[in-house]
Every structure is written in structure tokens, then in C-alpha cells.
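The structure under discussion appears below in the form of C-alpha cells.
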Amino acid sequence: MDFSDTPSDAAFRSRARAWLEAHAPKRGAGRTFKDDMDLLRAARGWQAAKADAGFAAITLPKKYGGGGGTAIEQVIYRQEEARFDTPFGVYEIGLGMCIPTLIEIGSDALKERYARPAICGKEIWCQLFSEPSAGSDLAALRTRAELVDGSWRVNGQKLWSTGAQFSDFGLLLARTDLNAPKHAGLTMFIIDMKAAGVEVRPIKQMTGEAEFNEVFFSDAIIPDDHRLTVPGGGWKGAMTTLMFERLNVGADIGLIDTLGLLDLLGTDAFADDLARDLLARWYLNDRGLKLLGYRAVTGLAKGQMPGPEQSITKLYLGRQAQEMADFVLDQRREYGALTGKDLGDWSAIERAWSFGAAMRIAGGTDEILRNIIAERVLGLPSEPRADKGVR
Amino acid sequence: MDFSDTPSDAAFRSRARAWLEAHAPKRGAGRTFKDDMDLLRAARGWQAAKADAGFAAITLPKKYGGGGGTAIEQVIYRQEEARFDTPFGVYEIGLGMCIPTLIEIGSDALKERYARPAICGKEIWCQLFSEPSAGSDLAALRTRAELVDGSWRVNGQKLWSTGAQFSDFGLLLARTDLNAPKHAGLTMFIIDMKAAGVEVRPIKQMTGEAEFNEVFFSDAIIPDDHRLTVPGGGWKGAMTTLMFERLNVGADIGLIDTLGLLDLLGTDAFADDLARDLLARWYLNDRGLKLLGYRAVTGLAKGQMPGPEQSITKLYLGRQAQEMADFVLDQRREYGALTGKDLGDWSAIERAWSFGAAMRIAGGTDEILRNIIAERVLGLPSEPRADKGVR
Amino acid sequence: MNFDFSEDLKLFADGLAKGLAAACTLADVRQCVVDGRFHAPSWQFLVDMGVPALALPESDGGAHLGMLPLALAAQAIGHALVPVPSFSSLYAFTNALMLADAAEAALWRHRISDGAVLGCVCLSVPQSLTFDGGYISGTSAPVLDGDCADCAIVLARGKNRTFVSVLVPLSDSGVRRERLASVDPSRPLSRLHFDRAPAILIGDEALIEHTRDAASVLLAFEQVGAATRALDITRDYVLQRETFGRVVGSYQAVKHRMAEMWCAIELAKAHSLYAAWALDSRSLDLPLAARSANAAASEAFRFAARECLQLHGGIGFTFEGNPQLFYRRSRLYSSLLGSPFDARAQIAARLMVGERPLN
Amino acid sequence: MNFDFSEDLKLFADGLAKGLAAACTLADVRQCVVDGRFHAPSWQFLVDMGVPALALPESDGGAHLGMLPLALAAQAIGHALVPVPSFSSLYAFTNALMLADAAEAALWRHRISDGAVLGCVCLSVPQSLTFDGGYISGTSAPVLDGDCADCAIVLARGKNRTFVSVLVPLSDSGVRRERLASVDPSRPLSRLHFDRAPAILIGDEALIEHTRDAASVLLAFEQVGAATRALDITRDYVLQRETFGRVVGSYQAVKHRMAEMWCAIELAKAHSLYAAWALDSRSLDLPLAARSANAAASEAFRFAARECLQLHGGIGFTFEGNPQLFYRRSRLYSSLLGSPFDARAQIAARLMVGERPLN
């Protein structure tokens with residue numbers, strides 16, 4: 001066992017660190033973005049700079065502007081960038097899921113056209129899978145794409161599309177065959193988000209923010225050469241996308257970690273045995289998940305593909321964020337019902353309270369994640385389904 | 001709101017109390033039974049004495065030796081008898097479930113023959129419903145009864161029959177029609193437990209005790225006049241039995257209650273905030289369940305039949321018994337791994353540890369009880385079933 | 001044994017529940033969150049139904065019906081989730097006034113009896129809050145409805161470090177209100193700044209202690225009502241929403257969670273009922289029963305609100321969804337009287353010195 | 001980054017697991033519970049595989065392979081649930097001896113290296129246990145395998161209230177063993193009574209402290225193995241048992257509980273792995289890592305055993321059923337080194353003074 005890098009990884013790490021130190025502001029510099037446009041501008045510039053240095057999409061091929069590196073290098077770079085205050089949230093979906101899918105299954109022409117501009121930060125991508133009537137059950141989606149005069153005419157509605165409001169292109173999953181069994185009637189496309197018939201509406205969250213969007217299609221047209229899979233092959237394409245999602249190993253998805261909470265609150269908040277027991281329980285979860293991350297990175301280095309067991313992190317941290325928030329706010333009695341500046345220096349806690357709730361739902365509910373572990377890891381049978389093989 | 005008895009209930013209570021004081025030993029007198037035979041002898045005598053005084057089966061008709069009283073009087077008597085050290089566990093199944101079912105659905109001849117001897121303690125009854133392959137799913141039972149020359153020939157196996165080892169008669173649910181749908185092929189009988197072809201084998205529990213039995217039938221014969229329902233009408237009969245089970249309102253099924261635990265351990269065991277928080281949580285559950293019992297008794301007094309919500313008590317107390325046991329045994333460190341006399345004056349804790357586990361299973365698992373609450377109280381749909389209407 | 005409300009009271013409660021349901025939908029509640037104020041038509045309905053006068057003595061314009069009808073009114077308010085000055089004026093201020101002998105207290109009892117005037121209560125004492133020679137100075141902790149109340153009852157430090165309960169008309173000079181950002185803007189919190197504001201001594205610390213107990217009981221009913229509604233809307237949702245070809249409500253994970261919600265609510269309801277009896281009958285059991293009701297109802301509402309949000313899936317954490325309304329309210333309500341942890345610590349302390357419920 | 005055992009070690013562990021599975025079925029474990037003794041053939045197999053010698057120095061007849069192979073052996077022992085003197089002799093006694101300089105310690109290292117001789121350790125000190133002038137007197141707390149061990153290492157009170165670690169050959173005069181009733185009779189507990197029994201000073205309190213850490217790590221592996229087996233047999237059962245026309249394992253309540261069992265075991269495994277590294281590499285992280293592994297593994301095994309019993313239904317609480325074997329063992333193992341509560345209190349105390357893991 002060894003917690004240090006291999007010589008080549010260590011070399012990569014110091015190269016990444018040196019470059020970041022020369023180009024990125026240190027964390028805690030207190031940089032904020034006044035609005036989405038401001039963030040967007042900063043993110044574009046930063047992505048272009050990363051692409052120049054070969055850090056834009058480390059595992060993607062060099063011929064498209066990627067780094068041509070290993071999955072471990074991607075993890076190492078992510079660890080290093082996390083120490084800096086860089087714009088986040090604009091390119092992650094596109095470069096983590098859409099473009100890898102494109103490169104895996106797209107035509108040469110599409111790869112030539114779209115991969116490089118996305119990697120260099122010129123074009124932004126979003127994912128268009130979920131729908132109002134197809135949340136956990138993705139294959140139940142209803143957005144229709146019909147072949148009309150050699151092009152596809154799209155009608156329907158997508159939901160929970162992160163970043164759709166500033167995206168140039170979207171990876172779209174739509175139903176092209178109403179008569180085929182549920183999973184066999186889907187096809188995957190690239191859609192121009194600025195085209196006629198595509199309308200994006202932000203969804204206001206409980207917190208007032210709007211990270212997600214509804215996307216409406218009314219006779220939006222997609223040329224047939226922007227089809228990514230054979231007609232009816234969309235489900236397999238979607239599975240490819242989700243596999244890339246799992247490669248997001250070692251990413252910090254916690255809202256607030258236990259040691260951060262201890263630093264924030266100080267030891268006085270843990271004066272009684274009950275609070276200390278909670279502290280230790282949370283620490284054991286956080287620390288255990290971090291060690292599981294080490295194990296996943298070790299597997300990655302040996303060429304093992306991460307499995308569905310990755311979902312354990314989200315399963316623990318959403319609920320724990322709610323628990324931590326309740327603990328802190330409870331201690332503050334009447335003051336714990338305040339928000340924003342009146343709550344004081346506790347924005348992390350307020351986020352844990354609200355986003356902890358969201359985290360247990362977005363990207364697979366707790367219930368779906370437990371199903372996945374039970375079925376794919378433990379090999380237990382799936383629920384009886386009334387819809388197997390039907391649409 | 002009023003926590004005192006009505007005048008007539010108060011009169012009944014003082015009559016019961018006076019009689020008990022004259023006839024029953026006070027609790028804590030330390031009376032023990034050296035074996036089942038000893039318990040049986042004592043129980044027979046006590047049941048006969050109760051029958052003479054009209055307390056043997058308070059809600060059953062006087063013509064059969066019952067008390068002809070109300071459900072509330074039954075509750076009151078049970079509260080009063082609980083203060084005394086009387087033999088328990090021999091007649092409860094027979095008089096709480098079997099005989100009420102007989103009186104509700106049996107022929108006059110059967111009632112005449114069986115009700116009085118059971119109430120007076122001369123004959124002991126058990127219930128023969130569950131089977132190895134039919135635990136939660138009672139209607140899946142396989143014990144066969146075939147009509148041969150005007151009598152029923154029984155073959156099969158029953159499980160978890162409390163008290164079968166000393167019973168004279170049993171209330172038997174068996175399958176009489178292999179071709180009918182699952183719930184429609186059952187019939188209910190009275191079977192002579194001492195007849196040829198009936199064999200009782202005690203089941204050794206984790207604790208070494210044997211409260212339950214397996215019962216094997218090999219060509220055991222039941223005369224047709226000992227059939228309690230029409231052929232195929234057994235499921236309805238079984239539902240009648242389970243309805244009477246629910247009338248067991250206000251019975252103390254807890255293994256150890258929180259205030260008893262506090263008395264046993266003393267305040268030193270609750271010196272830290274964590275232990276005090278647990279103490280209060282357990283107290284809130286115990287106390288809340290007690291208050292729900294008050295509500296059920298109030299409903300009973302108004303003539304309302306108790307519903308499936310009664311199961312809430314078992315659902316809380318089994319798990320809580322395990323939790324309490326772990327708490328106490330944890331505090332004792334190495335000494336907490338001892339048992340029996342070496343554990344010291346903690347037999348209640350040891351029982352909570354082992355019987356808490358049993359309580360979450362016997363008489364409906366936690367999972368089945370939650371199903372029942374979800375379906376019968378909240379009106380949520382049942383699980384999809386592959387066996388609806390089939391055997 | 002009769003452990004239930006009378007049929008008359010249940011009829012009265014049904015009427016209130018129907019009226020409130022008609023007066024205020026969850027969409028109206030959401031609008032109150034946007035607007036940052038309580039729902040005036042619902043309050044007017046409660047006034048028309050005589051709710052503010054229910055418990056007050058006849059001599060002060062009240063109906064002298066005791067605390068049980070008020071408890072059922074609280075449950076109806078909770079079930080409708082209507083934002084009204086219930087905790088502040090109906091529960092706390094009313095009960096505090098009923099313990100005060102001062103002539104001014106009688107005057108204010110009269111004023112609140114027809115609902116035209118609102119009160120609020122400051123239950124905890126920041127270091128700075130002092131009362132001396134008829135004047136109060138200092139800054140309060142966050143107070144519910146401090147922005148719109150006409151009068152406050154405040155626990156303050158008197159001479160010799162003792163605590164005193166004083167009545168402070170809020171229209172007087174020397175009072176400044178500072179509106180604070182509340183997790184549930186439909187139920188606004190404010191800080192009251194007193195700069196030698198005229199105040200009338202109405203009692204010692206015991207007055208606020210009893211007020212806290214009484215308010216705990218009534219708030220427990222409101223929380224039980226709200227938790228029940230959270231379960232109701234969850235049931236409605238899971239019965240219509242389908243996934244993988246089945247209604248969501250047929251999955252065991254959903255069913256069992258909802259069964260647990262139901263169990264927690266039933267226990268909280270039983271504790272609240274007993275506490276209402278203890279409050280109404282002035283039983284010695286009140287402090288233990290009130291804390292028990294508070295702890296059980298706060299936990300039940302918090303659990304129901306959290307899982308209501310969870311079981312609604314994506315819609316649950318949108319602003320347009322209803323679950324967030326419950327999630328906010330539960331956060332607010334479990335902070336007003338100290339946390340469930342505080343309540344349990346107090347319960348344990350009472351049990352450990354041998355206190356036991358009387359019935 | 002390489003956070004895993006080597007392939008060689010995994011092969012070695014596979015061999016052990018297969019051999020133990022062949023040597024001892026769960027029916028054999030049950031028979032050990034009836035007989036009240038450990039499973040000699042399994043112990044002999046471990047001896048034949050050289051397990052007692054793994055970590056010992058070559059000079060004392062050992063293989064000098066460090067703690068990692070021993071950790072994997074512990075996991076295999078747990079998975080087979082075999083009752084053997086693992087905690088007492090393999091984990092605690094071995095580690096304690098390795099810290100002792102005394103010539104007698106080297107002698108005993110030699111003796112245990114071929115498994116013919118067994119040791120045990122008394123980790124906690126009842127008031128009465130004292131060491132003075134080469135003799136120990138007093139009565140120990142319950143000690144695992146105290147009935148069959150040939151030698152004990154005991155923490156006792158020396159002069160001036162300091163604690164000392166002493167070696168006590170148990171065949172000597174002045175030693176009396178009292179067998180106690182254990183919740184898991186296949187792993188017997190005994191009290192040792194010393195009446196001026198000859199004892200050799202081998203270290204101070206730190207020796208036992210390190211022994212406790214090392215034993216925590218290895219016991220955590222055994223518990224992870226046993227918890228995994230509990231999950232395995234639960235899976236086997238729910239895949240063959242049917243109710244209401246479906247296999248029990250297709251119900252969400254069952255599936256989700258088992259998913260939670262799996263999660264708890266995975267976390268415990270990760271903590272144990274890190275703690276094994278800390279033990280093997282003599283990292284300063286050992287005390288925090290050992291307690292973390294202990295707390296996580298005790299909770300995971302306890303949870304897995306409890307729910308294994310529950311998900312087996314009626315058969316679960318019979319003596320003929322297998323779940324009771326896990327339920328007993330988990331109760332025993334979470335009591336040997338203090339409870340999970342104790343471990344968490346110690347973890348919190350370390351975090352609060354600023355201690356942080358190094359990796």
C-alpha cells in the first residue's frame with residue numbers, strides 16, 4: 001500500500017500544480033461572480049487557457065484538443081485544481097459526459113465538427129435526458145422525434161437540464177418509434193440549442209436559485225447527420241453517457257465536510273457527549289467515503305472501470321448534510337430560523353439544509369441508488385414490472 | 001377527557017380487585033414454575049377459579065361459562081390481574097382467539113361441546129395456521145385435508161404453534177381444494193391434538209427455550225362435524241380469528257419499559273447527555289404507545305372495533321428492546337458479553353436482547369406490519385402479486 | 001376512561017378546517033412566502049369564528065371555553081398550513097396575559113379578544129435585556145410577528161439578577177422593530193430594540209415558564225396538523241405519479257417510509273392530546289407533558305416535511321412545489337421553543353429525579 | 001496511490017478462506033456453541049498454514065511478514081465465523097509480545113509461533129489487580145480464552161499507582177481459572193484469579209495501549225469478514241424463500257436494507273484497510289485509525305447480524321437457524337474493546353484537539 005504517486009503521476013502532478021500556480025487564483029481569495037454572464041465569461045477564458053496547456057479534457061484524444069492522458073491524471077488534476085478558485089459548473093457536463101459519448105459513438109464528421117470547440121471552451125453543452133414523466137424511469141420518456149423529409153422533427157419537453165440556459169448544443173434522447181418496446185424506441189441526437197423551436201426556461205428552486213431548466217421543443221429540426229445512434233439504439237447510447245458519469249471518481253460532492261464543520265463551529269459546539277458522538281459518526285462516514293475514493297482511484301490505475309458502487313457517496317452525504325444542518329440550526333434556537341445575512345456566517349449550513357434535500361433527489365434518488373446497489377452489486381432481482389418490454 | 005372509570009366500570013374494577021386480592025399472590029412474591037407441567041397444573045387451577053368467579057372469559061356468553069361482560073371490563077380485569085403473580089401463557093390463545101372464533105362461526109353442537117370446558121380450564125387450545133412455506137403469506141399454506149368416506153384426512157406440517165405441546169384441541173386451517181384460487185381453497189376445522197397422526201415437536205429457540213412447536217399430520221382424521229366453515233370458507237374464518245386477536249387492547253407486550261429500565265439501572269447509567277437523550281426518546285415512545293392504548297380503550301368503550309393500527313406497538317417495542325439491550329450491555333464492556341447468572345441481575349436485559357429480535361418477527365414481521373399500515377390505514381396500493389387469484 | 005375530544009369539539013374543529021381550507025390553498029401559502037407576510041383573510045376567518053376569544057375569561061370579552069377548543073383550532077391551522085399569528089398571539093400572548101393580574105393585562109385581553117389587535121412574546125433573554133423603574137432597554141432575540149404585533153410580553157432581567165415578565169405596548173416611544181430574514185418568510189421574525197420603552201411589570205419568571213408550556217402544547221397541535229397535511233399531500237402525489245409502469249405509492253420503500261411518518265404522527269398526536277388535558281385541567285403534569293408533546297410533534301413534523309419533500313422527487317425542491325412550504329415551516333417551528341434535543345434533555349432530567357406522569 | 005492489498009496477499013487470503021470454509025461449516029460453528037469450545041480442526045488448519053508465525057520475527061521462528069497477511073487471515077476467520085483463539089492469541093497476545101524486550105517474551109514468541117501454545121490478554125484493570133515484587137494478585141475482568149490459554153499478558157497496578165504490563169504463565173501456582181457463561185459459548189470467557197502468581201514485568205501501560213490498537217485493527221477485519229458472511233447468507237436465503245408469489249429478495253424493504261448493510265460493510269472495510277496500513281507501517285495515525293476501524297466494523301457487524309436475523313423471519317430466532325450465530329458473535333465482539341460509543345467518544349476527542357489523518 002502506498003499513498004504517494006507513481007513517478008510519472010508525480011511528474012504530472014507537479015506540472016499541473018506549477019501551471020495552476022502560475023495561472024489560477026488561490027482558494028479563499030474571495031472571488032465571486034456577479035451573475036451567470038460574468039461566470040460564463042470567466043469560465044470561457046479559463047477553459048481556453050486549460051486547453052492551451054493540455055488540461056482541458058485530460059482523458060480525451062489530443063487530436064481533438066484533449067490531453068491524451070490517463071484517468072488517474074484526470075483525478076490528479078482535479079485534486080490540484082480544487083485548491084484554486086476557478087470557475088466551475090459550465091463545462092463539466094459537456095466535457096464529462098456529452099463529448100466523451102460523442103467521441104465514443106459519433107461519426108467522424110461529428111467528432112471533427114464538435115469535439116475541439118467544446119474542449120477549447122468555445123461551445124457549451126448540456127444533457128437532455130430527463131422529462132416530467134420520466135424521472136427515475138428514464139426509458140419512459142415521451143419527447144418525440146419524427147423523421148420528416150430526411151430530418152428529425154422534435155416535440156416535447158425535457159426537465160432538470162443543468163446549464164441549458166447557456167448551452168450551444170445538447171445531447172438529446174428522444175423517442176423515435178412508438179411501437180417498439182419502451183427501451184428499444186429511443187434514439188440519441190445532437191441538437192442545436194439556439195435553433196428555432198427550442199425554448200429554455202429556468203426552474204426556480206426552493207432556495208430561489210435556478211441551476212436547472214425546462215427545455216421545450218416545438219417542431220425543432222435536427223438534420224439526420226446529427227443522429228448519434230442508429231434509430232432505436234438510444235438506450236445503449238444513454239448507458240455510455242452514464243458510464244462516463246461514473247468516471248467522475250474522487251470528486252468532492254459533499255456540501256460540508258465534518259472537519260470543515262468542526263473548524264467552522266469550533267469545539268464549543270461539541271461540548272456535550274451527544275454532539276461528540278454525532279461528530280464522530282459524521283467523521284467516520286466522510287473519512288470512509290474518502291478511503292473508498294482511494295480504492296476507486298487504485299482500481300482506475302489498474303484499468304478497472306468504476307462500478308455502480310460509486311453511488312454510495314451521494315447516498316450518505318445528502319442525508320448527512322440535512323442532519324448536520326439540523327444539528328447546527330437547532331443549537332442556535334430562535335436564531336437558527338434566520339437565513340442569509342441574518343443567520344450570520346453560516347451560509348454553508350443553510351446550503352446543507354436546502355441542497356442536502358436536493359442532493360437526495362437529483363441524479364438518482366436515494367431510493368433508486370439503493371435499488372441499484374441491491375440489484376447490480378448484490379444481484380437481487382428487480383421489482384416486478386408492468387411495463388417490461390412495453391412502451 | 002377523563003382518566004377515571006365510569007361508575008359501572010369502577011364497580012367492576014373493585015369487584016375484580018377484591019376477588020384477586022383474596023385469591024391471587026401479589027407480584028414480586030417470586031413464584032416460579034419448575035417446568036411446563038408445574039405451570040400447567042397451576043394454570044388449570046387458576047383458570048377454574050376464575051371461571052367460578054366469572055372472570056375466565058369476560059366477554060364470552062354466560063351460557064358457556066363466560067362473564068357476559070364488555071370489552072372494557074376485559075381490559076380492566078387484565079390491568080388488575082397484571083398486578084398479581086398469576087400463571088400466564090396457557091389459556092390466552094384458546095380463550096383470546098380459538099373459542100371466540102368457535103362461538104362466532106361454529107355449529108351449536110360444537111359450541112355446546114367445546115366452549116365451556118375451554119373456559120373452565122379443563123381443555124387447552126392452540127392455533128394451527130402458519131406453515132414452513134407460509135409465514136407472512138398465510139394463504140399459501142399447503143397442509144391438505146381431503147374428504148375420505150365422510151371424514152377429513154389431514155397431511156402436512158404447521159409451524160410456530162404456541163402451546164401445541166400441551167394442547168387438547170387446535171383450530172386448524174387447511175387446504176381442501178387444490179384447484180381453487182389460493183384464498184378460496186381453505187377450510188377451518190377443530191382437530192383433536194391427541195388423535196393418531198398428530199405429532200408435536202418443540203422448536204428450540206436461540207435462547208434455548210421452546211415456546212413454539214412444529215406440528216406434523218400424517219393421515220390424521222377429523223370428523224366432518226368438526227368442520228367450522230363451509231369448504232373453501234376458511235380464509236374468512238381466519239380473518240375472524242385475527243379480528244379477535246386485535247381485541248387484545250392495552251396488553252403489556254413490552255419486554256422492558258423505559259421507567260423500569262431507569263429503576264433497574266439507576267441514574268448513574270444516564271450520566272451523559274447521549275444516554276439521557278436515549279432515555280427521553282425511549283420514554284416518549286413508551287409513553288406515546290400507552291396513550292394510544294388509552295385512545296383505543298376509549299374507542300372500545302364507544303363500541304369501535306380496534307383497527308390494524310394496533311400493530312404500531314409491536315413495531316416500536318421490538319426494535320426498542322434491542323436498542324435498550326445494546327445500550328446496557330455496551331456500558332458494561334467485557335461484562336456485557338456474559339449471560340445468565342454471570343451477567344448478574346440483568347435477566348430482563350438479556351431477554352430484551354434475544355426476545356426483542358423475536359418480537360420483530362413473530363406475529364407479523366416489522367415489514368408486514370408496515371405494509372399493513374400503508375395499505376389498510378393509508379390506502380396505498382398493495383404490491384404487484386404474481387399469485388393473485390392463483391394457488 | 002375517556003381520552004378524546006368531545007363530539008361537539010370535533011364538529012367545531014371540522015368547521016374550522018373546512019373554512020381554512022377554503023380560505024387558503026397551498027398556492028396562497030406560497031404567495032405569502034413571496035410577499036413575506038401572513039394570510040390576512042384566514043386570520044379574519046379565525047376572528048369571525050371567535051378563535052381569539054375562545055380561552056379568554058368572559059369578563060374580558062372571552063368565551064371561557066378553556067384550552068381544548070384552542071388546541072383543535074391549532075391543529076386546523078397547521079393542517080391548512082396557513083401563516084397566521086398563531087404561535088405569537090393566540091398561544092403565547094394569550095396564555096401569558098391570562099396569568100397576569102395587572103389592570104393593563106385585562107385591557108389587552110379585551111383588545112385581543114376580537115382579533116383586531118395582535119400580541120407577541122419574547123421567551124428568551126439576551127444578556128442585554130433589562131427592566132428597571134418602569135422602562136425596558138436592550139435588544140430581543142428574534143420574535144415571531146414582532147413586525148406586526150401591537151404589544152409584547154417580554155422576559156427581562158430585573159434588579160438583583162432576577163427575571164421579570166413585563167408588558168410592552170409596541171406603539172410607544174423607545175421601540176424600534178427590525179425585520180429579519182426568516183427561513184419561512186410567511187412567518188416573519190423581527191428583533192425588537194428597546195430604548196427606555198415604557199413597560200409594565202406583570203409577573204416573575206414563572207409567568208413565562210407557564211407561557212412556554214402552554215405555547216408548547218398548542219404549537220404541538222399545529223405541528224401535528226401540518227405533519228398530517230404533509231403526509232396527505234405525499235399520499236396524493238404517490239398515488240398519481242407513476243414510475244416503471246407502477247404508481248410510486250405501490251413501492252415498499254415509499255409505503256414503509258409513509259407508514260413510519262404515520263406512526264410518528266400518531267404518537268405525537270397522543271402526546272399532544274394528553275398535554276392538552278394537562279394544560280386545560282391545570283395538572284401538575286403540564287411541564288413534562290408539554291415538553292413531551294413539543295419533542296414528539298417537532299420530530300414528527302420535521303420527519304414528515306423532510307420525507308414529503310424526498311418522496312415528491314424533483315418537484316419537491318422547486319419553488320413551485322408544495323413540499324418546500326412544509327420544509328420551511330418545520331424548520332421554523334422546531335426552533336421557536338428550543339430544539340427537540342433541548343426538550344428531551346429536560347424530559348430526561350425530570351424522569352431522573354423521579355417525576356412520573358400522573359395518568 | 002495504491003490503496004489495496006497486493007495480489008500475492010489476496011491469493012494467500014483466498015487459500016485461507018477456502019480451507020476454512022472446508023474445515024468448518026456453520027453447522028460446525030453451532031456444534032461449538034453447544035460444546036462450549038473453539039473449533040480445533042480450524043485452528044490446526046491455521047497453524048498448518050503458518051498463520052500464528054506470520055507477523056513474528058524470524059529470530060523467534062516467525063515469518064516476519066508484517067501485519068497485512070494477518071489482517072487478511074482475520075477477515076477469512078470472520079467470514080468462516082470459525083471460533084478460534086484469534087482475538088486472544090493471534091491478535092492481542094502476539095502484538096503484546098512483539099513489544100516486549102524481556103527474554104521470557106522471546107521464549108513465548110517462539111512457543112506461539114507454531115500454534116501449539118496459546119496466549120490471552122487482560123486489557124482492562126479491575127481495582128484489585130496488583131503487581132508487586134514479581135507476583136500478581138487479584139481477579140481479572142472476563143478474558144477471552146482464559147480457560148485454555150497457556151500464558152496471559154495482564155495490565156495491573158504496580159507501585160505508585162502506575163500501570164504495568166506483566167507476563168503470567170498460567171500453569172504456575174497461584175492461578176485459578178473460572179469459566180463464565182458467554183453470550184457466544186463457542187468463544188468462552190473466563191475470569192483469572194491470581195494469588196501471588198509469579199509474573200514478569202514486560203512493559204508499561206503503553207504496551208497494552210498499542211496492543212489494544214493492534215487488536216482493534218485485526219478484530220475489525222474479523223468483524224468485516226463476519227458481516228460479509230451475514231450478508232451472504234441473507235442473500236442466499238432471500239433468493240430462495242418466496243412469499244406472496246415472489247422471492248423475498250425482490251421486495252424493496254429487503255433490498256434496501258441489504259443495500260444499507262452493504263454500504264456499512266464497505267465503509268468499515270475501507271477504514272480497516274487504512275488502519276492495517278497504519279499498523280503495518282507504524283504510522284502515527286494508528287490510534288485514530290484503529291478506533292475508526294473498530295467503531296465502523298463493530299457497528300457494521302452488529303447491524304448486519306441483527307438484520308440477517310430479521311430478514312430470515314421465523315427461522316432466524318431458532319437455535320437451528322444460522323443467524324443466531326452471527327447475532328451472538330457480534331454481541332461478544334463489540335464488547336471486547338469497549339463499545340462503539342466509547343470508540344466514537346475517543347475519535348471525537350482526538351479530532352477536537354486538532355488531530356487529523358495523515359493521508
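Quantities reported herein were computed from a predicted structural model and do not represent experimental measurements. Throughout, a chain's letter reflects where its sequence line sits, starting with A, and its residues are numbered from 1.
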ask   = Taking the six-membered ring for Trp, are D:Phe3 and D:Trp277 ring centroids under 6.0 Å apart?
value = no
message = Quick check on A:Asp273 against chain D: is it the side chain, the backbone, both or neither that has a heavy atom closer than 4.5 Å?
response = neither
key: A:Leu315 versus chain D, the contacting section by heavy-atom distance below 4.5 Å   =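 Only the side chain of A:Leu315 comes within 4.5 Å of chain D.
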Donor-acceptor list for residues 261-269 of chain A side chains, cut-off 3.5 Å, not counting sequence neighbours:
none

Between [X] and [Y], a side-chain donor and acceptor under 3.5 Å:
X: D:Glu307; Y: D:Thr234; answer: no
X: A:Tyr77; Y: A:Glu81; answer: yes
X: A:Glu323; Y: A:Trp282; answer: yes

query = If you tally heavy-atom pairs under 4.5 Å against chain D, which of A:Ser4, A:Gly299, A:Pro381, A:Gly379 wins?
reply = A:Pro381
message = Using a 4.5 angstrom heavy-atom cutoff, name the option from A:Asp5, A:Leu279, A:Leu378 with the most pairs to chain D.
response = A:Leu378
For the residue pair [X] and [Y], establish whether any side-chain heavy-atom pair is separated by less than 4.5 Å.
X: A:Thr6; Y: D:Met1; answer: no
X: D:His210; Y: D:Arg282; answer: no
X: D:Tyr274; Y: A:Arg287; answer: yes

key: Proximity of residues 348-359 of chain D to chain A, residues having a non-hydrogen atom under 4.5 angstrom   = D:Ala348, D:Leu351, D:Met352, D:Arg356, D:Pro357, D:Asn359
Under 4.5 Å from any heavy atom of chain A - which part of D:Leu9 = neither
